[in-house]
Amino acid sequence: MDEANALRSEILQKVKDFYRISHAPGGESFIPGKTRVNYAGRVFDESELVNLVDSSLDFWLTAGRYAEEFSGKLEDFYDVSDVILTNSGSSSNLLAVSALTSEMLGDRRLVPGDEIITVAAGFPATVSPIIQNRLVPVFLDVELGTYNLDVSKLNAALSLKTKAVFIAHTLGNPFNLDAVTAFCEKHDLWLIEDNCDALGSTYRGKLTGTFGHIATGSFYPAHHITTGEGGCVITDDPKLARIIKSFRDWGRDCYCEGGENNTCGCRFTKQYGTLPKGYDHKYVYSHIGYNLKMTDMQAAIGAAQMDKLQAFTDRRKENFRLITEGLRGLEDFFILPQATVHSDPSWFAYILTLQKNVPFSRVGLAQYLDQNLIETRGLFAGNLLRQPGYMNIEHRVVGGLENTETIMNNTLFMGVYPGLTATEINYVTDKIREYTKQF
Amino acid sequence: MASPVKIKAVVSEAVHHTGSVASYRFAPQGRVPKFHAGQFLHLALDDYHPDAPWPESRVFSIASSPAKRQEELSVTLSVKGRFTERIIQTLEKGSECWLKLPYGEFLFPPDRHLTLVAGGVGITPYLSLMQQMLEEKSEQAKSIP
């Protein structure tokens, strides 16, 4: 064992040396017009590599000590009882909606045909779980500037079938949580926060992801922290947590961790469904579930990333501020992003919408920036209802989607991720200014 | 429920109420995850190592406040069999043991009046709840028959 420990230490020291030679920043500086300015990217140091290799040497593979550390750090960060690690933010969204269909929730469970209020201007993974669970999305328009749900439309969207609200904090900007939580409480609705793009954002000083019954997170490399693929479901309700874990783990009823048996002490004594009494509880399935777990090697990266979260958040806010400063005076061309009142976003990106009647197009601007090696993106699916896969879904639209259409046609975003320097940010804003001067 | 966390703990206080009922206060030696009043923990006497299976244990309601979890965890137990007899005979102030928590869905709704009914050591989850309510200065009405 001593020899193994010594070898492990030697290997991990070599990993640090490898990081310094292969990955450490320095040497290559930004060259305007030669170096690509990405909209997102993973930011890491030797700690992530060391954890990853350390975990691989354990060869535990499935959730183990690093999963416990990573979920624990997230639980402490959010001050909730349960952060359930998954293999992606999209899987987390699927679990969040699926969990609400559980018979364990009695009269409050969602059944096919029930409606969930959401938006069409976003990423499809917020909406697809609604459809996959044979529920009906009810689409409302969003505001330009905050890109979040227009809460003035909420009451009009309510029907006897309305059971939940499921929306994202768009690009890290919290939606109007005063209005949405009040609406949900008044009408006894579930609230799911898609917090995938908003890790570290706050509303009235409280972290987003802690207002709803359930929230979700993503650790894809473009996000605030990364595990490669990966995500999580957040809740402070142990009953919901048990249901979510069941759906994540094949639908099983047993809550033993990997490698454990008979945690409940009733493994061979109870009767479930029409199974014979005493049927092994490890193989009792109370839901039709999935297998969406995170591996320990992913969690090992996440555990190291969590130690950088505050610095990442600070950097995102600073980069956002620098872009705003750099674009000052261009308000005739662009609608600049606005933080929702009472919020302090940890921005995912910097989003711009062309003002009406500007003498150029979104595509023209995006192409110009692309030629100058500046990466941009549209606001994900634009208007989701115009996507080929979604054109024929059962749904309702309440109050029109005028701003959603505008976003589809006239909106783009660029990066604020912590890997960007002030020099790169200045280059981006200079190029946008340069483009507008042509007109 | 949270992914249960395994924590070494030191007995900081042991009170034997009778020959078969005792209360223990533990000083956790690692991170204690957030739990809710009404949840329970596993108590193991034998040493635990991450490479080995969790040792034999029994479950007990947590009687202490969730807010003070990092400083103390407490349980009250009565002898029901061989293992609980071993606990009573073994654990004393300064003893080390292993805890695994949290578990359970015996939770208290925050938005209605509560009537709490319990017999014997069954009162322990209510102790956790009442300490929490005192700390939060909750105005939620409650009665204990």
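Keep in mind the model is a prediction, meaning the values are calculated, not measured. Below, chain A is the first sequence line, B the second, and so on; all start at residue 1. Any value given below was found using the heavy atoms of this structure, including those in side chains, with hydrogens, waters and symmetry copies removed.
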ask   = Under the salt bridge (Lys or Arg N to Asp or Glu O under 4.0 Å) rule, what pairs show up with a residue in residues 200-216 of chain A, not counting sequence neighbours?
value = A:Asp178-A:Arg204

ask   = Does the side chain to side chain contact (heavy atoms under 4.5 Å, CB included) test come out yes or no for B:Arg31 and A:Glu75, once each step is laid out?
value = CA-CA 11 Å; B:Arg31 171 189 171 264; A:Glu75 284 163 1; 3.0 Å; yes

inquiry  = Take a 6.0 Å sphere around CZ of A:Phe268 and say whether it holds more than 12 heavy atoms from other residues, nucleotides or ligands.
reply    = yes

task = Flag the pair A:Asp76 and B:Lys34 as a salt bridge only when some basic side-chain nitrogen lies within less than 4.0 angstrom of an acidic carboxylate oxygen.
result = no

inquiry  = Report which part of B:Lys100 has an atom under 4.5 Å of a heavy atom belonging to chain A: side chain, backbone, both, or neither.
reply    = side chain

remark   = Closest non-hydrogen atoms of A:Glu68 and B:Lys6, given as atom of the first, atom of the second and distance, are OE2-N, 4.0 Å

Contact class of A:Asp58 relative to chain B, heavy atoms under 4.5 angstrom = neither

query = Looking only at heavy atoms, what is the nearest atom pair of A:Pro238 and B:His36, with distance?
reply = CG-CD2, 3.4 Å

message = If I take atom CG from residue A:Leu240 and atom CD from residue B:Glu105, how far apart are they, to the nearest 0.5 angstrom?
response = 9.5 Å

